[in-house]
2 protein chains.
Amino acid sequence: MSNDNYDEGMSLRMALLGLLTVSGPSSGYDLTKLFERSVNHVWQARHSQIYPELNKMAAGGLVVIEEEGPRGRKTYAVTEEGSRLLREWLLSAGPSRSIRDELALRAFLLPTLEPEEAVIALRDAARICEAKLAELEEIWRTKTQAGKGNFGRYALDLGMRQTRMFRDWARETAEEIERSIRS
Amino acid sequence: MSNDNYDEGMSLRMALLGLLTVSGPSSGYDLTKLFERSVNHVWQARHSQIYPELNKMAAGGLVVIEEEGPRGRKTYAVTEEGSRLLREWLLSAGPSRSIRDELALRAFLLPTLEPEEAVIALRDAARICEAKLAELEEIWRTKTQAGKGNFGRYALDLGMRQTRMFRDWARETAEEIERSIRS
DNA sequence: CTGATCATGTAATATGTTACATGATTGA
DNA sequence: TCAATCATGTAACATATTACATGATCAG
């Protein structure tokens with residue numbers, strides 16, 4: 001039951017399987033923090049969503065409780081079946097774009113503002129990106145020093161590219177609008 | 001009640017206010033189609049979500065039923081209050097990135113595959129981007145020809161940049177993995 | 001012994017998808 | 001007349017956020 005032929009919402013499940021695959025057996029608590037530090041740039045999930053999902057996954061045989069630790073800590077590990085499911089999902093491409101990007105939506109609605117105000121909002125956005133980028137670059141430095149493998153590195157690279165791209169768009173669009181104000 | 005101090009989920013509301021602002025008074029049916037043809041690239045909503053939301057918005061005084069037409073058709077228009085709310089939302093920046101991007105998530109999880117398979121999936125992703133890019137560029141051409149104003153144009157530009165960025169990332173990452181396979 | 005962090009969960013509510021349901025109008 | 005499209009809605013379910021709730025362990 002739950003989600004077997006319901007392809008949406010598979011994402012959280014896959015994200016968890018992926019994190020478990022790479023980081024090895026982990027608790028829901030670990031996974032919550034891993035989520036925040038890694039996948040978070042493209043997908044969010046809180047502990048209140050992660051814990052029940054792990055229970056469902058365990059019930060479905062995608063993961064097993066490998067060990068029980070100190071304060072009720074449960075360490076999960078991916079099973080053969082979980083591994084197979086993740087692999088299949090990753091290889092089944094499909095041009096299915098399920099995107100929800102609030103920042104892009106804001107961008108989309110920007111032209112409903114007066115040009116002067118749109119410029120202010122765009123400069124704001126660019127400034128936020130700049131800060132974000134500095135943060136990501138700092139992580140990049142610490143990450144490439146320690147030989148922590150490539151997981152997260154590709155995604156981090158993607159995150160930095162994305163942030164740069166958005167910053168540039170915001171700047172250039174602001175300039176374009178300013179030009180059109182003056183003319 | 002409903003969502004007043006609940007900042008998530010404000011997005012659908014804002015998208016509808018934005019579309020109404022730009023396209024003028026429209027019905028739920030119109031808005032559903034407008035959604036599909038425009039905002040859809042960054043945010044999705046079905047009619048089953050749009051109709052109830054419009055009713056809530058009308059109850060909250062953000063829109064009014066301006067006219068009732070042929071088959072129960074109701075034409076909504078933005079009120080002063082709705083207009084003000086949209087403007088405030090757009091000007092309240094905040095580094096709040098609420099993103100759910102399935103494609104990026106897949107990318108993130110790629111390193112869990114065998115290198116050879118990851119390369120295949122990356123090439124696949126790049127190919128999909130290429131197709132999407134061609135599609136967006138076609139829209140760009142028809143849009144910049146007809147003087148339909150700047151609505152959608154900034155967002156379309158952003159969409160194209162995003163797609164290009166992702167395609168390049170996929171390609172370059174594929175190449176990097178291939179190099180590491182050979183060594 | 002005390003505050004920070006580890007660790008797991010549930011409840012209430014909001015958001016989003018699929019499927020179901022109905023009927024009017026238009027154009028061929 | 002009949003198929004396509006216009007037009008609105010609800011019901012059941014899945015997904016996600018916020019807040020509530022509890023207690024163990026560790027470091028100073």
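Ring pair Phe166(B)/Trp169(B) is tilted by interplanar angle, where 30° to 60° counts as tilted.
As rounded to whole Å, 16 Å separates atom C1' of dT15(D) from atom CG of Leu12(B). Atom pair Arg46(A):CZ and dG9(C):P shows a separation of 19 Å (rounding to whole Å applied). Note: CG (Leu105(B)) to P (dT15(D)) measures 14 Å, nearest angstrom. dA16(D) atom P lies 11 Å from atom CD of Glu102(B), rounded to whole Å. At whole-Å resolution of the value, CG in Leu54(B) and C1' in dT10(D) are 16 Å apart. Whole-Å rounding puts the Trp43(A) CH2 to dT17(D) C1' distance at 15 Å. Across the protein-nucleic acid pair, Lys56(B) atom NZ and dT10(D) atom P stand 11 Å apart, rounded to whole Å. Taking atom CG of Leu31(B) as the reference point, atom C1' of dG9(D) lies 16 Å away to the nearest angstrom.
Position along DNA chain D of the nearest nucleotide to Pro52(B) versus Arg100(B) favours Pro52(B) as the more 5'-ward residue.
Side-chain atoms of Thr79(B) come within 3.5 Å of backbone atoms of Gly61(B) as a donor-acceptor pair (strictly under, hydrogens ignored). Between the side chain of Asp124(A) and the backbone N or O of Ala121(A), no donor-acceptor pair lies under 3.5 Å.
Lys74(A) has no carboxylate O lying under 4.0 Å from a charged side-chain N of Asp30(A), or vice versa, which leaves the two without a salt bridge. One finds a salt bridge joining Arg171(A) and Glu130(A) here, because a Lys/Arg side-chain nitrogen approaches an Asp/Glu carboxylate oxygen to under 4.0 Å. The pair Arg153(A)-Glu176(B) counts as a salt bridge, with a side-chain nitrogen and a carboxylate oxygen less than 4.0 angstrom apart. With respect to the salt-bridge test (charged N to carboxylate O, under 4.0 angstrom), the residues Glu53(B) and Arg13(B) qualify.
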Can you name the atoms? Protein N/O to nucleotides 2-8 of chain C N/O, anything below 3.5 Å, with the distance.
| residue | atom | partner | partner atom | Å |
| --- | --- | --- | --- | --- |
| dC6(C) | OP2 | Tyr29(A) | OH | 2.2 |
| dC6(C) | O5' | Tyr29(A) | OH | 3.0 |
| dA7(C) | OP1 | Arg73(A) | NH1 | 3.2 |
| dA7(C) | OP2 | Arg73(A) | NH1 | 2.9 |
| dT8(C) | OP1 | Lys74(A) | N | 3.0 |
| dT8(C) | OP2 | Tyr29(A) | N | 2.6 |
| dT8(C) | OP2 | Tyr51(A) | OH | 2.9 |

Taking N or O atoms only and anything under 3.5 Å, show me the protein contacts with nucleotides 2-4 of chain D, one pair per line.
none

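For Gln49(A), whose side chain is taken as the heavy atoms from C-beta onward, the closest listed nucleotide among dG16(C), dT17(D), dT17(C) is dT17(D).
We find the CD-OG1 distance between Glu67(A) and Thr75(A) to be 4.5 Å, quoted to the nearest 0.5 Å.
Seen from the ring of Trp89(B), Arg106(A) counts as a face-on cation partner, given the 6.0 Å and 45° thresholds.
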